[in-house]
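The chains referred to below are lettered A, B, ... by the order of the sequence lines, with proteins before strands, and numbering in each begins at 1.
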Amino acid sequence: MIALADCNNFYVSCERVFRPSLEGRPVIVLSNNDGCAVARSNEAKELGISMGVPYHQVKKLCERNGVTVLSSNYELYGDMSRRVVSVLSRFAPEMEVYSIDESFLNFDGVESPLDLSRRIRETVGLWTGIPISIGLGPTKTLSKLANRLSKKDAAGCLEIRETDLEVLAKVEVEDIWGVGRRLGVRLRRIGVRNALGFVEAPASAIRSVGGVTLERTQRELCGLRCIGMEEVPQPKKNTCSSRSFGKPVTELEDLEEAVANYAVKAGGKVRKEESFASGIQVFLATNRFSENLPQYANSRTLAFDEPTDDPIRIVTNAKILLRSIYRQGFAYKKAGVILLDLVSSKRSQGLLFEEHGSENRRRFVRSMEQVVATYGPNAGFLGAQGINRSWSMKRKSRTPRYTTSWEELPVVG
DNA sequence: TCTGGGGTCCTAGGACCC
DNA sequence: TCTGGGGTCCTAGGACCC
């Protein structure tokens with residue numbers, strides 16, 4: 001038996017832990033740049049605010065109904081997520097952290113999985129303040145399905161088996177894990193409307209619609225385990241840092257600043273993972289929603305002669321790539337840096353005849369990181385990253401970083 | 001006016017090899 | 001008139017997930 005523990009309306013729930021007055025009231029959390037609604041309390045869902053809707057489309061509705069609108073506070077959510085995970089890990093020897101708000105737990109051999117789930121749910125709620133739901137099933141895909149159904153159940157814990165045909169018949173085909181909008185359309189076209197139809201369709205038909213991946217999903221729904229638990233997260237193959245700009249950017253100098261910042265950030269992630277990047281890609285794009293403005297998007301890739309984690313090399317190359325794809329006369333909305341083909345820093349192939357990256361350089365980078373970790377991001381940065389950063393994103397109503405910043409601790413009494 | 005960010009996997013097609 | 005067979009590697013694009 002596999003359990004999927006999923007935090008309810010996670011970002012909203014995190015905010016409510018520190019502002020209990022938001023309990024029972026409509027709340028939404030916005031994506032970066034205060035762009036879209038990415039988390040909604042049940043009350044907000046009832047008002048008809050859908051997942052991912054652009055905020056400007058529901059702003060009036062929010063104002064009319066007294067919805068509390070918050071910018072995202074990823075530092076807080078990340079820390080709360082770690083707390084939830086640490087509680088969950090007490091209950092299952094084998095566990096996979098699947099996303100910021102979901103974990104799979106292996107319940108093989110557990111005598112009464114539902115009882116255990118209820119205990120876990122209670123403990124997480126008590127110790128972290130975050131409400132969770134738990135779905136149980138013989139495979140990951142079935143536990144995902146059970147979890148979805150458990151959200152509607154007041155008890156918050158639900159078990160499903162591949163033999164529960166009448167339950168499967170009630171699940172829309174798009175609600176299956178691994179079936180998105182496109183595959184949903186194509187499946188409906190061949191007459192598959194719900195999970196029962198999906199299970200009963202011939203494997204060859206499923207395969208012709210969605211390849212081996214979708215056939216695997218079908219087997220999983222039939223109770224056959226095809227997707228295993230991944231206790232140790234696989235090392236990342238790529239890492240990306242990108243942002244939409246707070247306002248359109250036209251000048252190369254501004255783009256260079258922005259791209260330098262993304263490059264430094266992506267480099268930081270790579271160093272943290274103890275990896276080196278083998279290549280780098282820079283991309284930029286105008287606002288694809290502004291149909292009447294001239295559109296342009298491009299990207300360019302370059303392979304490092306030797307895998308690296310050196311921010312100065314990364315920034316230098318990012319700027320070279322940017323200049324090669326930049327074209328004047330466009331209002332750019334977004335740019336980003338992707339570091340490609342990450343390899344372990346311990347097993348990286350060096351150059352045969354020369355040596356890159358002096359020990360001095362490495363010490364310099366480490367010192368910079370320590371300065372920033374202690375005194376904040378403005379205490380030390382590369383000149384290329386710029387000072388004014390007029391392009392930086394909007395985030396109007398971010399709550400304090402209650403749990404990760406001494407300056408922003410909640411005040412009691 | 002205003003529309004997120006960060007990933008993975010699979011497949012088809014082209015370039016190239018012998 | 002007739003124009004092979006069997007590979008690998010890389011990339012772009014499309015699908016999905018949260």
Give a yes/no on whether any side-chain N or O of [X] is located under 4.0 angstrom from OP1 or OP2 of [N].
X: A:N238; N: B:dT8; answer: yes
X: A:K333; N: B:dT3; answer: yes
X: A:S244; N: B:dG5; answer: yes
X: A:R216; N: B:dC10; answer: yes
X: A:R181; N: C:dC16; answer: no
X: A:N287; N: B:dT3; answer: yes
X: A:K237; N: B:dC9; answer: yes

Rounded interatomic separation in angstrom, taking [atom1] from [X] and [atom2] from [N]:
X: A:Q281; N: C:dT11; atom1: CD; atom2: P; value: 10 Å
X: A:L340; N: B:dG7; atom1: CG; atom2: C1'; value: 13 Å
X: A:N33; N: B:dT3; atom1: CG; atom2: C1'; value: 10 Å
X: A:L183; N: C:dG14; atom1: CG; atom2: C1'; value: 10 Å
X: A:I227; N: B:dT8; atom1: CD1; atom2: C1'; value: 12 Å
X: A:L30; N: B:dG4; atom1: CG; atom2: P; value: 11 Å
X: A:N147; N: C:dC17; atom1: CG; atom2: C1'; value: 14 Å
X: A:D341; N: C:dC9; atom1: CG; atom2: P; value: 14 Å

Just call it for [X]: base, sugar-phosphate, or nothing, with non-hydrogen atoms closer than 4.0 Å on any strand.
X: A:Q234; value: nothing
X: A:N32; value: sugar-phosphate
X: A:V212; value: sugar-phosphate
X: A:T301; value: nothing
X: A:S72; value: nothing
X: A:K269; value: sugar-phosphate
X: A:Y55; value: nothing
X: A:K59; value: nothing

Could you work out which one of [options] sits closest to the side chain of [X]?
X: A:E102; options: B:dC10, C:dC18, B:dG6; value: C:dC18
X: A:R288; options: B:dG4, C:dC18, B:dT3; value: B:dG4
X: A:F289; options: C:dC18, B:dG4, B:dG6; value: B:dG4
X: A:K236; options: B:dT8, B:dT3, C:dC16; value: B:dT8
X: A:V38; options: B:dG5, B:dG4, B:dC10; value: B:dG4
X: A:T239; options: C:dA15, B:dG5, B:dG7; value: B:dG7
X: A:P54; options: B:dG4, C:dA15, B:dT3; value: B:dT3
X: A:Y98; options: B:dG7, B:dG4, C:dC17; value: C:dC17
X: A:H56; options: B:dT3, B:dG6, C:dA15; value: B:dT3
X: A:K144; options: B:dG7, C:dC17, B:dG5; value: C:dC17

Could you tell me the separation between the [atom1] atom of [X] and the [atom2] atom of [Y], rounded to the nearest 0.5 Å?
X: A:L158; Y: A:I134; atom1: CG; atom2: CD1; result: 11.5 Å
X: A:T301; Y: A:L321; atom1: OG1; atom2: CG; result: 7.5 Å
X: A:S143; Y: A:E159; atom1: OG; atom2: CD; result: 11.0 Å

Would you please classify the geometry between the [Y] ring and the [X] ring as parallel, tilted or perpendicular, with 30° and 60° separating the classes?
X: A:F245; Y: A:Y262; answer: parallel
X: A:F104; Y: A:W177; answer: tilted
X: A:Y326; Y: A:Y332; answer: tilted

- [ ] May I ask you to say whether A:E220 pairs ionically with A:R216, meaning some side-chain N is under 4.0 Å from a carboxylate O?
- [x]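 No, no charged N to carboxylate O under 4.0 Å.
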
- [ ] Can you run through DNA chain B from 5' to 3' and write each base as (, ), [, ], | or . depending on how it pairs? Watson-Crick or G-U wobble, both distances under 3.5 Å.
- [x] ....||||||||||||||

- [ ] Specify the residue among A:S31 and A:R207 whose closest nucleotide of DNA chain B lies further upstream toward the 5′ end.
- [x]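 Checking each residue's closest nucleotide, the 5'-ward one belongs to A:S31.
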
Open item on the list: Between A:G211 and A:C36, which residue's closest nucleotide on DNA chain B lies nearer the 5′ terminus?
Closed with: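 This one resolves to A:C36.
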
Task: Nearest-Å distance once atom C1' is located in both C:dG4 and B:dC17 - done: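 Each nucleotide's C1' atom is 15 Å from the other's.
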
Task: Option passing side chain to side chain donor-acceptor pair (under 3.5 Å) with A:E174 (candidates A:R181, A:R193, A:R188) - done: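 Single side chain to side chain donor-acceptor pair (under 3.5 Å) partner of A:E174 among A:R181, A:R193, A:R188: A:R188.
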
Task: Minimum side-chain heavy-atom gap A:R271-A:P311 below 4.5 Å - done: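 They are in side-chain contact.
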
- [ ] Apply the ring pair (Phe, Tyr, Trp, His ring centres under 6.0 Å) test between A:Y77 and each candidate in A:Y402, A:F18, A:Y11; give the one that qualifies.
- [x]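 It is A:Y11; the other options fail the test.
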
